2 protein chains.
Amino acid sequence: MSKTLVFGHKNPDTDTITSAIVYAYLKKQLGEDVEAVSLGTPNSETKYALDYFGVTAPRVVETVANEVSSVILVDHNERQQSVADIDQVQVTEVIDHHRIANFETSDPVYYRAEPVGCTATILHKLFKEHAVDIPKEIAGLMLSAIISDSLLYQSPTCTDQDIAAAQELAKIAEVDAEVYGLAMLKAGADLSDKTIDELLSLDAKTFDMGKYQVEIAQVNTVDPAEVLANQSEIEATINQTIATRNLDLFVFVITDILSNDSIILALGEKVDAVHPAFGVNLTNNRAELKGVVSRKKQIVPALTEALS
Amino acid sequence: MSKTLVFGHKNPDTDTITSAIVYAYLKKQLGEDVEAVSLGTPNSETKYALDYFGVTAPRVVETVANEVSSVILVDHNERQQSVADIDQVQVTEVIDHHRIANFETSDPVYYRAEPVGCTATILHKLFKEHAVDIPKEIAGLMLSAIISDSLLYQSPTCTDQDIAAAQELAKIAEVDAEVYGLAMLKAGADLSDKTIDELLSLDAKTFDMGKYQVEIAQVNTVDPAEVLANQSEIEATINQTIATRNLDLFVFVITDILSNDSIILALGEKVDAVHPAFGVNLTNNRAELKGVVSRKKQIVPALTEALS
């Protein structure tokens, strides 16, 4: 059997990078020839986790069809969030926890999606189903992914299954989940050295909603005011992106990881969708979304409905 | 929590009907309020299985949004193979073993697809994962589904996992799989009392292939000549269906369950796709496909590629 590449989405976050590493590890234990790669370099939070557990970051690829004919997707399924030449390879497996859209195969596939907070929580089940032992550093990476995606269990996407998995994994990883988790989140929330381009692409995803294309970029911070100090320059960059990529709406979500609220900055022709979606009005292109931290559960479905 | 309906595809076969019953049983054991329904009445093969194990056929529904807001799909995912008002309800789960296409959700979903021969094989795993005991009649239904979808393990879709599951299930069901299986297949292969309309809709599915719409109807028989005795009337009905439903291609697959070969009868504007797909020429609109028994694995991918 020829080699298969495993990777997560563009603008990789901690769940996407670690899930590729973790699932590749599991598949190798099952005797398969797989390699974890990534579609971008790890962000500061992910770097913290990789360094802490002494794991090397995956090789970054731009395309895959030049080296393999089959791939495994983790933590995503939508074509526009995947590698550029995804249409030229066969997707043999998907392990994911997002909505399913813009995804199609011509052959039967192994598809494992569950409405849990994190891909790592599903991977943790797969280790059990295959009765494969979890080494300390692999447990640490899965724990990091759960803490990252759930903002230390605060996100509404977080389920009892995620918390139970995190507790088991923390024991194997030999860390205090709360102490380690807050340090990791703070490492990721330090945006002081980021350019505006970096802020807007750190964790950005594109969605087809009805007939519109919507970009939603999110940053975690302990100081939203600091991020918004440069609002006019941020807006200029967003407007440029909208023009270049023909977007209908760009929503920049600044999430306060201490208060678990978000401020959104929305621009684009379909900016009117914000009011029906969230019941708030934009002032100076901004609005506060109280208790909103999850793009997947609190932002994408509301905007999708408003734009359909 | 309000009730959820579980159902398989239109023109139901044994795997689709029994999977709805079996998964509804499992979910009820897990404390959920679910009901198995079906999008059509059981065929003769399925009736044989239900009667043998003393299980009542599910209630037939035309629409679902009038009674529930959420549904679980088994043995299919493609919108055009599902209930008419599928777009008006939320799909919360899918258990399937087919390609994924024309399927989209706005929220995360539980999606469990594996490239095995039968949905029942995946359901068998789920009983084990949830540590729920399998009663005799539920085992019998899962066994029937595996025998049906694999033509008693002869189909190329059949995997070692399907055979292993069937062996375990035959023990619980207290039947000899070969003896019971052949009797069940023969009950389904008796087409003598079928009208032409019934033959063409018994196990018919619609596929979007590239920009074309293709209908593939399949019957199992021990006497293909008997089915084709009425070829000119069959062709008249097919041509009518093509006109009414604006189809680009209609392929009627007559599978000999004793020799494991098929004869296809193909009509429609895109009939030229048959040659590149299967390397055979049509004579009198017919061609023999040696060793071809699986629509999913041997017919759909080949035609999809030829039409893309």
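Order of the sequence lines sets the chain letters (A, B, ...), proteins ahead of strands, with each chain counted from 1. Computed from a prediction, not measured in an experiment: that's the story for all the values here.
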Name the member of A/K128, A/E129, A/H97 that forms the most heavy-atom pairs with chain B at distances under 4.5 Å.
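Greatest number of close heavy-atom pairs with chain B: A/E129.
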So does [X] have more than 12 non-hydrogen atoms from other groups sitting under 6.0 Å from [atom1]?
| X | atom1 | result |
| --- | --- | --- |
| A/N66 | CG | yes |
| B/Q29 | CD | yes |
| A/D133 | CG | no |

How long is the straight-line distance from OH of B/Y111 back to CG of A/N77, given to the nearest 0.5 Å?
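The CG atom of A/N77 sits 10.5 Å away from the OH atom of B/Y111.
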OH/A/Y110 to CD1/B/I122 distance, rounded to the nearest 0.5 angstrom?
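Interatomic distance, A/Y110 OH to B/I122 CD1, rounded to 0.5 Å: 9.0 Å.
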Criterion side-chain contact (heavy atoms from CB on, under 4.5 Å) against A/R99, the qualifying member of B/V109, B/D107, B/T105
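For A/R99, the side-chain contact (heavy atoms from CB on, under 4.5 Å) test succeeds with only one of B/V109, B/D107, B/T105, which is B/T105.
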So which part of A/E114 gets closer than 4.5 Å to some heavy atom of chain B, the side chain, the backbone, both or neither?
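Contact with chain B involves both backbone and side-chain atoms of A/E114.
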For chain A, the option from B/P301, B/S106, B/P108 that forms the most heavy-atom pairs under 4.5 Å
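Ranked by heavy-atom pairs under 4.5 Å with chain A, first place is B/P108.
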